[in-house]
Amino acid sequence: MKRSRWKGWGPGFWLAVGWLGLVVLAALFRDLWPVDPADQDLRASLQPPSWDHPLGTNKLGQDMLALIIDGARVSVIVGVVATAIGLVLGALLGMVAGYFRGRVDRAVVIVLDAAIAFPSLVLALAVVLYWGQSLRNVTLIIGVLTAPLFARVLRTATLTIVDRDFVLAARMLGARHRRVIGTDVVPNVVVPVLAYGLIAMGAVILVEGALSYFGLGVPEGTTSWGRLVAEGQVYLEDAPWVSLTPAAAIFFTILALNYLGDRVQARWFAGGPIPKMPKVRAVAVSPSAAAAVVDQDGPLLDVRDLVTQLATPFGTVTAVDGVSFALQRGRMLAIVGESGSGKTMLARSIAGLVPTPPAVPGTPGQVLFEGRNLKALAADDLRRVRGREIAMVFQDPMTSLDPVMKVGHQIAEPVRVHLDVSRKHARGVAMQLLRDVGIPDPERRFHQYPHQLSGGLRQRVAIAIALSCGPKLLVADEPTSALDVTVQAQILDLLQRLQRDRNMAVILITHDLGVVANRADEVAVMYGARIVEQAGTAALFAAPRMPYTAALLASAPALGAASHARLVAIEGAPPSLLFPPPGCRFAPRCARATPECTAAAPPLEGDGHLAACWHPLAADHEAAGVAASG
Amino acid sequence: MRWFARRLFELAMVLLLVTFVTYALLDLLPGDPALTILGPGATPEAIAVVRDDLNLDAPLPVRYLQWLLNALQGDLGVSYRTGEVVSVALRERLPVSLELGLLAQAMALAIAVPVGTWAGYRANRSFDKLSSAGAFGFVAMPQFVLGIVLITVFGVWLGWFPVADYVPLSESVAGNLHAMVLPALTLALPIAGLYTRVLRADVAVSMQSDHVTMARASGLPTSRILTRHVLRGSSLGLLTIVGLSTGTLLGGAVVVERLFSLPGLGRLLFDSITSRDFVMVQGCVLVIAVFFVVVNLGVDILQRVLDPRLRHPVTV
């Protein structure tokens, strides 16, 4: 698989590498070039580009291409050496500051600030005036000037690394500072520094160009790109190539370095080559379905053969594979499954919240909400349904609230947008909602920001936002998984109370069967992107038919069970949605599986209690006994 | 308030460090200020008088302290070269550089905010790719190259803008702005490229965040999500970069001021160093450093005003 290391970088990368290679070659072997840059020919003064002089000639009739090749050496030497000087100085300063923190850090930051506030020109000129103009001095100054920038980058990188557990552990165990920095910190900052080094090298070449342009860089007689630009500037009107060709050489070199730095960084953070995303064709959606008559008598939500596919760099993932179910007004349906079973994608697909791309457009299925097919609605019509009629609560209240907006305003915002009421009215609604979701002291909380609230309070705020426009359906995606156990029950009780008080339908998505038992009217079990069993809560708990459901029940710790009661783990791993196993997706992990199971997928069928299984468990199976205690 | 006091202390230290290093550096340079003042034909007696006048034989820390005490009272000395009062010369030059810098920042933000936001919102689409390429290009463009290109195209070929023909603001506002367009643009484009890249990355990450999904689930319109929920957070990251860039603007405009013959601070600094007018250099450095420090403090304060997480520490 040696080829794969070179794949995925794209043509831009190789173009940049190629250009830099040419520059380095020119610097190393400039003497081998057949045209001598020193050759003057006053008869061929200021010639435009031609066959003899591909980039034209200057005032003295010197060949521009030969001069540019000649000037590459200064750029390469200054670029490499000055960057190295800056890196070493900056690394020392930055890592010491980031590692020791406190006073050391503060002192270093003051020095760095001073270095940046200090006009670099003063230093450059001072050195040139005192020690004279030479390549060595120019390289030295630029190196010193670059150091603070490296120090900043390394300080930040070190600060984040030092916080990680393994470094803390090493220090706790009494490792010497030098050792911790050498073995734990250095290897972890190498790549960001490498990426930054490439970008800094571009900046260094830029500064050298500017100094030479002012006649303060390399001494007279040494060819450098910046000097060539300055010399040619006089003839800008009549012979622009004299100035613009060396300018282009500087430009392309810096561009190549910046681009490489950026790519190295991106690749590092992505943890490997980034494959090209497949092209996704958009399918036009006719908005005509929006006009369909609202159906008041049927189920509130009727999902039919819903399919959601995601285009990933590794292939198409079918995250929701032909799911159908119906939900009546005011009822609570629990969707249960392991992580990766597709339950979150199902929730987001219902609300049309999976962006395209990565979603593959035009997948089959209908989401009928009061008879209207949400999948066929125009984006703006769908937006009016979201928040107003279907609302969502997400898993992690730490991240699902806007950190820089007062919570009261976050609750009032959808009210203002959807219901077109005055600011004052929306405020009143928000205040009432804060009370409804059981937040004490709502007047004070209204003006607070999310970070000032506890996890439980934040989830109450998220619920208040969801309820703000009085939705008919609330989709709660693992609303308690990120919360303390003691708070979980409170939030679930709140959801249940709101459901009853407001006659609101709820889809509760969870991986925890224990959460479901006394609350949901109905339970659907998801496995491998499909619903494998669906029944009334009591019936499902009493007599699961699908072996997976039985195993799930057996693996859930029952609240009333003795602490030494055995938990049964399900053998094997959940199926890959990228390459799902054939037939019944649970078959590879199922004790009852027969060749029939892998031949064809079982249909989801039954009378009121639906199960997708070729060998369903009998009603009196022992699994029922385990579940009954829960 | 403790934060504020500490910050003030740090910034004062920065100022002391910058001015002292400048003073020491200039002192190292060859050349006798007395000779600069009197010219090459000066008699040794005259030189001795001037040296005594300027207290040049005192040790370096003593002279620095003296300069500092005078500076604190607003006395920055008299130019060795022209005999101008330094503070007066600075007051003349500062507005030119300040106007140039602020114009450039305004232009850079006017370009970067809409472009960066839209590119981040539609990440990896064609607009994003196009603007990224443009941003890369401008970041890689040396100011003297960009300036030359702009002068050639808009000044010489098209003749839309005057070249190297500064009009003071007091003479004609329109004429002044007309003359400032190209220099400000030369400064602004590379900065705009940098801002665009920073903002685009921040917005693209924000678009993936949970609270934006939440806002979409609440059915908020895209324009509102972008302005209220994405830009509000992303502006904090941009602010740091804008602050840093603004702070170094006065000292960093030397190239452009020379290229377009603007009588700004950068050119005064350049001319003063090359003619060894150390008192003037010291004054320029002081103004540049004070500006950096003030902008830095301003950004810190603004950040606290805009970011509630800094303003209200956790009090659950």
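In what follows, every chain begins at residue 1, and chains take the letters A, B, ... in the order their sequences are listed.
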Could you check A/Y213 against B/L259 for side chain to side chain contact (heavy atoms under 4.5 Å, CB included), going step by step and ending with a plain yes or no?
CA-CA 11 Å; A/Y213 175 76; B/L259 206 58; 2.9 Å; yes
Under 4.5 Å, counting heavy-atom pairs only, tell me which of [options] racks up the most with chain A.
{"options": "B/D307, B/V255, B/V285", "answer": "B/V255"}
{"options": "B/R197, B/R224, B/R232", "answer": "B/R224"}
{"options": "B/M13, B/E10, B/R258, B/H229", "answer": "B/H229"}

For a quick test of reading the model, state the closest non-hydrogen atom pair linking [X] to [Y] and the distance between them.
{"X": "A/M392", "Y": "B/A217", "value": "CB-CB, 4.0 Å"}
{"X": "A/F251", "Y": "B/M141", "value": "CD1-SD, 3.8 Å"}
{"X": "B/L220", "Y": "A/R383", "value": "O-CD, 3.6 Å"}
{"X": "A/I250", "Y": "B/P142", "value": "CG2-CG, 3.6 Å"}
{"X": "A/P119", "Y": "B/L269", "value": "CB-CD2, 4.0 Å"}
{"X": "A/A117", "Y": "B/F292", "value": "CB-CD2, 3.2 Å"}

Can you tell me how far the [atom1] atom of [X] sits from the [atom2] atom of [Y], to the nearest 0.5 Å?
{"X": "B/F9", "Y": "A/I110", "atom1": "CZ", "atom2": "CD1", "result": "6.0 Å"}
{"X": "B/F144", "Y": "A/S212", "atom1": "CZ", "atom2": "OG", "result": "8.0 Å"}
{"X": "B/M214", "Y": "A/D402", "atom1": "CE", "atom2": "CG", "result": "10.5 Å"}

Of A/S468, A/A115, A/A107, A/G209, the largest count of non-hydrogen pairs under 4.5 angstrom with chain B goes to A/G209
Test item: A/R386 side-chain N/O and B/S218 main-chain N/O as donor-acceptor pair under 3.5 Å:
no
With distance as the sole test, does B/R216 use its side chain to make a donor-acceptor pair with the main-chain N or O of A/L353 at under 3.5 Å?
yes
Among residues at least two apart in sequence or on other chains, which ones pass salt bridge (charged side-chain N to carboxylate O under 4.0 Å, His left out) with B/D27?
B/R63
Please look at [X] and chain A and tell me whether the side chain, the backbone, both or neither of the residue comes under 4.5 angstrom of a heavy atom of that chain.
{"X": "B/F270", "result": "both"}
{"X": "B/L244", "result": "side chain"}
{"X": "B/T213", "result": "both"}
{"X": "B/L236", "result": "side chain"}
{"X": "B/R228", "result": "both"}
{"X": "B/V149", "result": "side chain"}
{"X": "B/S272", "result": "neither"}
{"X": "B/I273", "result": "both"}

Select one option (side chain, backbone, both, neither) describing which atoms of [X] are under 4.5 Å from chain B's heavy atoms.
{"X": "A/A248", "result": "neither"}
{"X": "A/V417", "result": "side chain"}
{"X": "A/A210", "result": "both"}
{"X": "A/S243", "result": "side chain"}
{"X": "A/R152", "result": "side chain"}

Check the pair B/L17 / A/V111 against side chain to side chain contact (heavy atoms under 4.5 Å, CB included), numbers first and verdict last.
CA-CA 8 Å; B/L17 204 59; A/V111 173; 4.1 Å; yes
Quick one, A/Q410 with B/H211, criterion side chain to side chain contact (heavy atoms under 4.5 Å, CB included). Give me CA distance, side-chain angles, the key distance, then yes/no.
CA-CA 10 Å; A/Q410 294 191 51; B/H211 74 263; 5.9 Å; no
